[in-house]
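Counting begins at 1 with the first residue of the sequence. Fair warning: this is a prediction, and the values are worked out from it, not measured in the lab.
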Amino acid sequence: MASGLRGRNFWGLHISRIFAGNIVYFGLLIFLRSTKRFGPDGQRFQHLPFLSFLQNVVCLVWSYIMTKLWSTKSSGTAPLWEFWSPGITNTIGPALGLQALKYISYPAQVLAKSSKMIPVMLVGALFYGIKYTLPEYICTSLVASGVSLFALSKSSSKTVSKIAHPNAPLGYGLCLGNLLFDGYTNSTQDNIKKRYPKTSGWDIMLGMNLWGCVYSLYMFILPGAGGFEAVHFCKQHPEAAWDILWFCVCGAVGQNFIFMTISMFGSLANTTITTVRKFFSILVSSLVSGNPLSDRQWVSVFMVFGGLAYQIYLKWKRTEPRSKDL
């Protein structure tokens, strides 16, 4: 029993290290893709939704290989057509989040996307009559106040100059759309898992990315959608192509460890790791840009992650064994 626990802790330690390190680097690549200039003309890579399409392709190949190697086929596995609906929102949501980087800075986008609990609690209270506790409202108030304070804080001219088209209302609006679509995606995935309990994480990853690839083909069908323009940009700037490749690989590895963490240690451990990752992503992006956040912005960052840390603490407290004398 003790050796099994030690083995579990060993794998948990290394999974969390690799997972956190990978997704911090993943966030750094997103930041660089939205601010970096290429070529003598200093052109930006403007086709950010194209990143979602390529990531879907890489994750589809990865999950297909994993299902062939590790998954066991059974009658209780969800059929691929079940994922058509969350596949739509999972395609639109991340694309909106990437588009937001044209209008707001990367730290602002990370903080806005960290406030997922706000629309969830609003919908739950207004439409479903869900009662929330006072500590839950305190967590939400801290996060909402922190995001609002950051949005109202004036960014330096150097930060603004790195944004393609500064427009805070539009950028935060896109992040809100991202949160709403993500909320539907997560709830639908949970429902599928409940109806088909033998569905593995790799099965979900396969289904979601398969439909994501199908829906993202619009970029190569509709005129001016940006698919061919993105390919042409990568041909002109091979450095951008290599960065995009690493972005896709990190995305696939990150998705893989998300499902591994959830299956081995539960969703709470996954939430803890990703929350810590978001904080360090902001810290690293601030250091890399050579443009540290202002004192007021750092206060807002600690307000948001203070609220998130308190929320995680409440969840851990609820999952503790009630009888400690056993």
Under a 4.5 Å side-chain heavy-atom rule over Ile, Leu, Val, Met, Phe, Trp and Tyr, are Leu149 and Leu111 clustered together? no
Check Gln55 against Asn209 and note the closest heavy-atom contact, atom names and distance. O-OD1, 4.4 Å
Which pair of non-hydrogen atoms, one from Leu96 and one from Asn178, has the smallest distance, and what is that distance? CD1-N, 4.0 Å
Any luck finding a side-chain donor-acceptor pair between Thr185 and Asp182 under 3.5 Å? no
Fit a plane to each ring of Tyr310 and Tyr313, take the angle between them on a 0 to 90° scale, and name the class: parallel (under 30°), tilted (30 to 60°) or perpendicular (over 60°). parallel
Tell me the closest heavy-atom pair linking Phe53 and Cys213, and the distance in Å. CE1-O, 4.0 Å
Distance from Lys193 atom NZ to Asp203 atom CG, nearest 0.5 Å? 8.0 Å
State the OH-CG distance between Tyr215 and Asn90, to the nearest 0.5 angstrom. 11.0 Å
Please report the shortest heavy-atom distance between Trp211 and Leu80, naming the atom on each side. NE1-O, 2.8 Å
Do Ile204 and Phe83 make a side-chain contact, defined as non-hydrogen atoms from C-beta onward lying under 4.5 Å apart? yes
Side chains of Thr140 and Tyr132: donor-acceptor distance under 3.5 Å anywhere? no
Distance col, row Cys59:SG vs Leu210:CG, nearest 0.5 angstrom, shows 12.5 Å
I'd like to know if the side chain of Glu136 pairs up with that of Thr133 as donor and acceptor (distance under 3.5 Å, no hydrogens or angles considered). yes
Quick check on the hydrophobic clustering: are Leu170 and Ile92 connected, directly or via other members, by side-chain heavy-atom contacts under 4.5 Å? yes
When you compare the side chain of Pro86 with that of Ile192, does any pair of heavy atoms fall below 4.5 Å? yes
Is the Tyr103-Tyr172 ring centre distance short of 6.0 angstrom? no
What closest approach, in Å, do Leu314 and Cys139 show between heavy atoms, and which atom pair accounts for it? CD1-SG, 4.1 Å
Taking the side chain as everything from C-beta on, heavy atoms only, tell me whether Ile244 gets closer than 4.5 Å to Cys234. yes
Find the distance between CE (Met208) and CD1 (Ile88) and round it off to the nearest 0.5 Å. 10.5 Å
Provide the full list of salt bridge (charged side-chain N to carboxylate O under 4.0 Å, His left out) pairs with a residue in residues 295-304, sequence neighbours left out, each pair given once. none
When hydrophobic residues are tied together by side-chain contacts of less than 4.5 Å, even through go-betweens, does Val58 share a cluster with Leu60? no
Side-chain contact, heavy-atom cut-off 4.5 Å: Phe150 with Pro107? yes
Does a side chain donor of either Thr91 or Ser216 reach within less than 3.5 Å of an acceptor in the other side chain? no
Same apolar cluster: Tyr184 and Trp84, side chain cutoff 4.5 Å: no
Compute the ring centroids of Phe228 and His232, then answer whether they are less than 6.0 Å apart. no
For a 4.5 angstrom cut-off between non-hydrogen side-chain atoms, does Met205 reach Met66? no
Would Phe233 and Phe50 satisfy ring pair (Phe, Tyr, Trp, His ring centres under 6.0 Å), going step by step from the backbone distance to the final call? CA-CA 11 Å; Phe233 185 94; Phe50 182 72; over 10 Å; no
Path from Leu98 to Leu54 over hydrophobic side-chain contacts below 4.5 Å: yes
CH2-OH distance between Trp202 and Tyr64, expressed to the nearest 0.5 angstrom: 15.5 Å
Is any side-chain heavy atom of Cys175 closer than 4.5 Å to a side-chain heavy atom of Ile104? yes
Restricting to non-hydrogen atoms, name the atom on Ser145 and the atom on Met303 that form the minimum distance, rounded to 0.1 Å. CB-CE, 3.4 Å
